Number of protein chains: 2
Amino acid sequence: MNSEFNIAVHCLTLLSLKKDHMANSDEIAKSVCTHPARVRKVLGLLRKQGYVTTKEGVGGGYLLNADSSKVTLGDLYRLLARGSLQPSWCSGGGESTCVVSEHIQEVMERIYSGGELALERHYDNITLLDVTRDIQSENQP
Amino acid sequence: MNSEFNIAVHCLTLLSLKKDHMANSDEIAKSVCTHPARVRKVLGLLRKQGYVTTKEGVGGGYLLNADSSKVTLGDLYRLLARGSLQPSWCSGGGESTCVVSEHIQEVMERIYSGGELALERHYDNITLLDVTRDIQSENQP
DNA sequence: TCATCTGTAATTATATGCATAACAGTTTTT
DNA sequence: AAAAACTGTTATGCATATAATTACAGATGA
């Protein structure tokens with residue numbers, strides 16, 4: 001599991017809470033605590049989906065382009081983390097002629113994708129707005 | 001995400017389908033398509049939870065010690081994969097004094113553990129017996 | 001007592017994830 | 001027109017995580 005989903009949630013939350021809804025990759029990277037190039041990579045994907053727009057050149061950066069009550073964690077999971085439940089190595093698929101060995105891969109694939117569906121359904125009920133509220137309420141305990 | 005959960009499902013399914021419900025780590029490893037030592041490691045954990053018993057010495061091996069309609073994938077997930085939804089690297093936690101950076105980790109931890117709970121609930125509804133049936137029906141299409 | 005099997009730790013190899021550097025392309029400012 | 005400040009993207013190195021492999025002590029049955 002890589003953390004691009006996490007980074008996407010972080011970036012969008014940050015943009016959502018900024019007064020003008022804008023920041024550049026350097027500023028965002030400091031908050032995320034990673035390298036600006038990594039932020040640009042993730043935000044590039046979010047741009048292609050229309051969640052942010054970018055302004056190049058001097059004074060440029062990323063601008064939130066979505067209603068935070070409409071964007072769900074499910075959307076972001078599907079975009080950035082889908083498929084990560086299934087490990088790269090899976091059992092079976094060798095020379096063995098045992099029934100389990102011959103069919104476990106199809107069965108496990110269904111198990112993983114079913115699990116992922118349950119996960120996505122759960123995340124579909126959490127919006128970016130919910131996250132921003134959580135951040136703010138953490139700030140005033 | 002490592003694949004011990006997958007290996008556990010595979011091993012228990014195999015034992016469940018064997019006539020005498022018994023096999024040694026060499027035989028199981030061939031079906032799983034991995035090294036016997038890895039099988040022993042996973043089955044050692046399952047033994048501690050009582051899902052299998054082991055017989056050492058000549059003619060020994062692992063013996064299924066559970067009702068396959070009672071063991072769920074949720075049980076196995078909790079035992080072998082819990083926590084794997086949250087990546088080892090997470091955003092925030094650096095020097096930045098930005099509100100998001102300061103609180104994102106607690107918020108993301110809740111998001112990941114909530115997601116995992118949804119996943120576990122889903123897996124709680126799938127029993128080992130269901131998996132063995134899936135394997136068998138894959139075998140007779 | 002010997003052969004066989006588990007339990008477990010240590011080591012090596014490989015894959016993945018992250019950091020970093022570099023640079024082309026775009027836009028604004030001067 | 002030129003310089004500066006950005007994004008977009010690729011390539012490379014390094015750290016960590018995962019799996020394979022080896023090794024051996026301990027237990028058991030023949």
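Below, chains carry the letters A, B, ... as their sequence lines are ordered, and counting in each starts from 1. The structure displayed is predicted, hence computed values, not measured ones. Computation of the quantities below employed the complete heavy-atom set of this structure, encompassing side-chain atoms and omitting hydrogens, waters and symmetry-equivalent molecules.
Nucleotides of DNA chain C nearest to B/P87 and B/G60 differ in position, and the one nearer the 5' end is that of B/G60. Nearer the 5' end of DNA chain C, as judged by each residue's closest nucleotide, is the contact made by B/K55, out of B/K55 and A/N2.
Checking the phosphate oxygens (OP1, OP2) of C/dT8, a side-chain nitrogen or oxygen of B/K48 falls inside 4.0 Å. Close to C/dA19, at under 4.0 Å from its OP1 or OP2, lies a side-chain N or O of A/T34. Residue A/R47 places at least one side-chain N or O closer than 4.0 Å to OP1 or OP2 of D/dG8. The phosphate of D/dA19 has OP1 or OP2 within less than 4.0 Å of a side-chain N or O from B/S3. For the pair B/R40 and C/dG7, the criterion of a side-chain N or O lying under 4.0 Å from OP1 or OP2 is not met.
Of the candidate nucleotides C/dT6, C/dT27, C/dA3, C/dA3 has the atom nearest to the side chain of B/V58. Distances were taken from every side-chain heavy atom of A/W89 (C-beta onward) to each of C/dG7, D/dG8, D/dA19; the shortest belongs to D/dA19. For B/N24, the side-chain atoms get nearest to C/dT6 when compared with the rest of C/dT6, D/dA20, D/dG29. Nearest nucleotide to the B/A37 side chain, out of C/dT26, D/dA4, D/dT21: D/dT21. With C/dT6, D/dA19, C/dT16 as the candidates, the nucleotide lying closest to the side chain of A/S88 is C/dT16. Closest approach to the A/T54 side chain among C/dT4, D/dG8, C/dA21 is made by D/dG8 (side chain taken as heavy atoms from C-beta onward). Of the candidate nucleotides C/dG7, C/dT20, D/dT7, D/dT7 has the atom nearest to the side chain of A/Y62.
Of the possible donor and acceptor atoms, one in the side chain of A/E116 sits under 3.5 Å from a partner among the backbone N and O of A/G83. For B/E102 (side chain) and B/G93 (main-chain N/O), no donor-acceptor pair under 3.5 Å exists by modelled atom type.
Between A/E56 atom CD and D/dT7 atom C1' the separation is 4 Å, expressed in whole Å. Whole-Å rounding puts the B/H35 NE2 to C/dA10 P distance at 17 Å. B/M22 has its CE atom 12 Å from the C1' atom of D/dG29, to the nearest Å. Put simply, CD on B/E4 is 13 Å from P on C/dT8, counting in whole angstrom units. In this entry the distance linking CG of A/D26 with C1' of D/dA5 reads 10 Å, nearest Å. In this entry the distance linking CZ of B/R38 with C1' of C/dT8 reads 15 Å, nearest Å. Distance CG (B/L63) to P (C/dC5): 15 Å, rounded to an integer number of Å. Spacing between atom CD1 of A/I28 and atom C1' of D/dA5 amounts to 15 Å, rounded to whole angstrom units.
Annotation: side chain of B/T127 is not in contact with side chain of B/K70 (no heavy-atom distance under 4.5 Å). Considering only heavy atoms from C-beta on, A/Y77 stays 4.5 Å or farther from A/T72 through its side chain. Counting heavy atoms from C-beta outward, A/L43 and A/L46 have side chains that approach closer than 4.5 Å. With a 4.5 Å cut-off on side-chain heavy atoms, A/L45 and A/Y51 do not count as touching.
At a threshold of 4.0 angstrom between heavy atoms, the contacts of B/G57 include nucleobase atoms, whether or not backbone atoms are also involved.
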